[in-house]
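Every chain is numbered from 1 and lettered A, B, ... according to where its sequence line falls, protein lines coming before strand lines. Computed from a predicted model, the values in this text were never measured in an experiment.
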Amino acid sequence: MNQFVTYETAWCPGCGNFPILNSLKTALEELGKQPHEVLMVAGIGQAAKTPQYLSANSYCGLHGRALPAAVAAKMANEKLTVIVNSGDGDSYGEGGNHFIHNIRRNVNITHFVHNNQIYGLTKGQASPTSKEGHVTQVQTDGNKNAPLNPILLAIAAGAGFVARASSGDQKQLISIMKEAINYPGYAFVDILQPCVSFNKINTYGYYKNAVNPVGEDHNPADKLEAIKIAMELGDKIPTGIIYREEKEEFHRKNFLLKDGIPLIEQETPKEVLTQLIQSFI
Amino acid sequence: MYNILIGGAAGQGIDTTVAILEKLLKRSGYYIYTTRDFMSRVRGGHNFSLLRFGTEEITSHSYVLDGIIALDGETIELHLNQLTQKGFVLCDSGLKNTKEDSRIIKLDMNQMARNIGNAKVSGSIAVGAILKLFGEPLTYVEEVMKSIMKSEVLDVNIKAIQAGFESVEKRFDHLEGGFNDYMLISGSKAVGLGAVAGGLKFYSAYPMSPSTTVLEYLASVGNQAGVVVEQAEDEIAAINMAIGASFAGAKAMTGTSGGGFCLKVEALGLSGIAEIPLVAIDVQRPGPATGLPTRTEQSDLKFVISASQGEFPRMVIALRNHEDSFYQTIRALNLAEKYQIPVILLSDQYLGDTTACVKPYDVSDIKLIQPAKEVEGEYLRYKLTEDGISPRLIPGVTKNLVAADSDEHDERGWITESAEVRNQMMQKRMKKLEGLMEELIEPEFIGDESGKTLLLGWGSTYGPIKEAVSILNKKEGGGYGALIFGDIYPLPQEKLKKLTPNKKVINIEQNATGQLASLIREQTGITCHDSILKYDGRQIAGEEIVSKILEGGLM
């Protein structure tokens, strides 16, 4: 039985990370993944502790730097199922540049952003997705910066799989997670999540009212429609697979990786080195 | 030994002319040593290459010229005073030049090129003239040009060389050398080749002068050599990618110059605490900040030995020449794997861009260190061991689960704040230094061991210091020796302690503060008595060291 085990966490009771962790465990099990086939990658933050709490391979690197490590691990060994779990600060703030460019790179990994619209680990400062006017101990007069719209950004930058889920709806979350993990390319899921300790605005109650799954009539292949949905961020926040497009993934375009033989299993013939040396004579 | 300068504006084809001349002269048996003095611009300015060739090993550039190929008037203005009495200047007769000098040979190369039928072959006309001036035959022209030129322009260029050859008279005699079978390679390409030989599978970098040659060389051979080369969105991505690839089992390396290295510093510590093998090369240029982008300096030593917060074991190897560039890159990849540490290679623009002859690299004896395949019993990624080295398994290759963490962690790789475990893990990591100390390579000694003057250097000043010691000992009948460091951190101390007593010790460095001298003083208490420091972005030449020492004026 391909059981993934979860371990005791350091999260606050009631944290929105628990349903995300449990959904991920279920998604992986239902997909029939084995723990040793899965590499969980994270940066630093509360969400970034996720790899610590699930029995899989784990890489907790630097704040903001999960994506570069994750895509390179996938380049080294395509057989690994590589999943990034990190927060909104990690993914959109410190790691914003990597977010944009790994959409362009389109390596077959999955990126789950635990978006609680606040910095949790550092105890409650504004994040790139905090609402304007959100008062914190740093943004004492209220947050003056407009929040980033990660869904709109991802579609605009050319991501092939863009979804939003909520930690309050595990059934939908598990389903989206499975689709994302199976998507052959960079799959991005922004997961709305309350922070019970530091975000008194975007609470469980808030999300319960706001979350609005896209209907079955939504065609995720329709980019203009997807952009329209992405721009709906009022009282109702659309969730579901907002945009989906089949795109050629990084490995299939790379000369060395296109045939599916993991880089770490490839042997370079010895005579290549001799030929290279000879080319300088 | 002969020395010529090819100078002009960026975009005038200096590189192509030099590349053809280097190959022809090596084919003829000469040892080649070409340095590049380029400005940071794509068009215009004043650029030049110094091509030195002879029948013995050459390790330094020289500013005393036998010939100048001037592609513009400024080249003559700036360099005529370096020309020997027997020397010549070769230039186009259309060149605007205020100086009148009997040594100037004017050829109407542009008109000749048009007559041959291609205005772009004037460089080849100059090559032909140079061959004749140095008493070279045309024997190898066809063979060499075939290896460089596209077939559609081959004939016209060969014709141009012949025309140039016939338009001047011989000035110097051909000298018989035995270096036809040697390689001709730049320091940065040698690093790339060494990386391939060392089993490299993954290279990620962000373009930055003067390190870009390593990136471009690996990209040019990557498909053939099985190396995935990825241009990252920034240097932070570049190093984190290399660490991620290494964690997943691909030997990985990243490269940059000082400014890019600054951005990589946090991740260097990640490699240290997560014990993920990494090789990072810093091809130094003058700083701080943007500094002099295309020029040379050795001012990152103290930076890279202490870069990143916290304490962790690391190794720093300074590349001294074109042998080191190859063999030490292989060794760096092996040491990184063996000790699961970051290994930093220090090169610089001078070494990286200088092309030199080198004995074909011997790859018969290369042994690559690989991570473990599997372990018996319970797997602990950060198991406490006698030598501090824990079994590194590759995730997905083993059924065991592999963890890496930038937080302090226990033997399983799980976060901990236990004081006891913290101490154990710090001690375990630092313990690896003891093993590393055992395999340090002592600095190379050159010259007269009984001499009263000992020169100290590191990295790329190896060649110029070597030439200086040879000149000094010839002139003075001995008395001069030099110790030149390759392995520089941890600092090997045996030869230092043995050879410095009762000598006048002079450090020679391409920086303003004497960073090697300072490191030596800190680690051993040995002080240098004098120093030769240069930080104008131009490499010190052997002859400059000699005159500084003999004529005084030391700092």
Side-chain angles (χ1 to χ4, degrees), chain A residues 7 10 34-39 41 43-44 49 51-52 55-77 79-82 97-98 100-102 104-105 254-257 262-264 266-270 272-281, chain B residues 180-185 189-190 193 196-197 199 201-202 204 221-228 230 232-234 236-250 252 266-267 269-270 274 358 360-361 363 366 394-407 413-415:
Chain A
Y7 306 113
Q34 301 286 328
H36 76 274
E37 297 168 348
V38 176
L39 171 61
V41 180
I44 294 298
K49 289 176 182 169
Q52 299 269 332
S55 61
N57 295 297
S58 65
Y59 177 103
C60 294
L62 298 174
H63 186 55
R65 318 301 169 198
L67 284 179
V71 297
K74 185 73 177 180
M75 290 176 199
N77 186 1
K79 286 182 182 167
L80 290 168
T81 297
V82 179
N97 201 31
H98 311 309
I100 296 167
H101 293 285
N102 281 300
R104 295 176 49 231
R105 206 171 257 127
N254 183 285
F255 179 89
L256 291 168
L257 305 176
L263 184 64
I264 59 167
Q266 295 182 20
E267 298 256 352
T268 305
K270 258 216 137 169
V272 168
L273 187 56
T274 321
Q275 285 161 9
L276 292 178
I277 289 172
Q278 199 62 34
S279 73
F280 288 98
I281 296 175
Chain B
N180 171 33
D181 296 338
Y182 271 49
M183 296 169 71
L184 179 67
I185 192 168
K189 286 185 181 177
L193 192 57
V196 170
K201 287 273 170 207
F202 187 88
S204 47
V221 301
N223 288 350
Q224 187 188 357
V227 183
V228 167
E230 184 63 8
E233 55 271 28
D234 54 38
I236 301 177
I239 189 167
N240 281 284
M241 287 179 90
I243 295 171
S246 177
F247 173 72
E266 188 190 19
L270 171 64
V358 61
Y361 297 131
V363 292
I366 296 174
I394 301 305
V397 173
T398 167
K399 287 258 157 81
N400 285 298
L401 299 180
V402 186
D405 208 306
S406 70
D407 279 272
W414 294 5
I415 287 186

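Applying the side chain to side chain donor-acceptor pair (under 3.5 Å) test to A/Gln266 and every residue at least two apart in sequence or in another chain returns nothing. For B/Phe202, there are no ring-ring contact (aromatic ring centres under 6.0 Å, His included) partners two or more places apart in sequence or in a different chain.
For a residue to count as touching a neighbouring chain, one of its non-hydrogen atoms must lie under 4.5 Å from one of that chain's; by this rule A/Leu67 does not touch chain B. Contact of B/Val221 with chain A is made through the side chain alone, with heavy-atom distances under 4.5 Å. With a threshold of 4.5 angstrom between heavy atoms, A/Lys74 does not approach chain B through any atom at all. Contacts of B/Phe247 with chain A are made by side-chain atoms alone, with heavy-atom separations under 4.5 Å and no backbone atom involved. Looking at B/Thr398, only its backbone comes within 4.5 Å of chain A, counting heavy atoms on both sides. Interface remark: B/Val358 contributes no atoms to any contact with chain A (heavy atom separation under 4.5 Å). If you measure heavy-atom distances from B/Ile394 to chain A, the contacts under 4.5 Å come from the side chain alone. Of the two parts of A/Ile277, the backbone and the side chain both hold a non-hydrogen atom closer than 4.5 Å to a non-hydrogen atom of chain B.
Judged by distance alone, with hydrogens and angles left aside, the side-chain atoms of A/Ser58 form no donor-acceptor pair with the main-chain N or O of B/Ala403 at under 3.5 Å. Using a distance-only test at 3.5 Å, with no hydrogens or angles considered, no donor-acceptor pair links the side chain of B/Glu266 to the main chain of A/Leu62.
For the options B/Asn180, B/Val196, B/Leu193, heavy-atom pairs under 4.5 Å to chain A are most numerous at B/Leu193. Most heavy-atom pairs under 4.5 Å with chain A, from the set B/Ser246, B/Ala404, B/Gly249: that is B/Ala404. Ranked by heavy-atom pairs under 4.5 Å with chain A, the list B/Asp407, B/Asp234, B/Asp181, B/Asn240 is led by B/Asn240. No other option in B/Ala237, B/Ala250, B/Ala232, B/Gly269 has as many heavy-atom pairs under 4.5 Å with chain A as B/Ala237.
One finds the OG atom of B/Ser204 at 8.5 Å from the CE atom of A/Met75 (value rounded to the nearest 0.5 Å). Rounded to the nearest 0.5 angstrom, A/Asn254 CG and B/Asn223 CG are separated by 7.0 Å.
For the pair A/Arg104 and B/Glu233, the salt-bridge criterion is not met [side-chain N within less than 4.0 Å of a carboxylate O].
Taking all atoms of both residues into account, the shortest heavy-atom contact from A/Leu273 to B/Val363 is CD2-CG1, 3.5 Å. The two residues B/Gly222 and A/Leu256 have their closest heavy-atom pair at O-CD1, 3.7 Å.
At a threshold of 4.5 Å between non-hydrogen side-chain atoms, the residues A/Ser55 and B/Leu401 count as touching. By the 4.5 Å heavy-atom criterion applied to side chains, A/Tyr59 and B/Leu270 are counted as neighbours.
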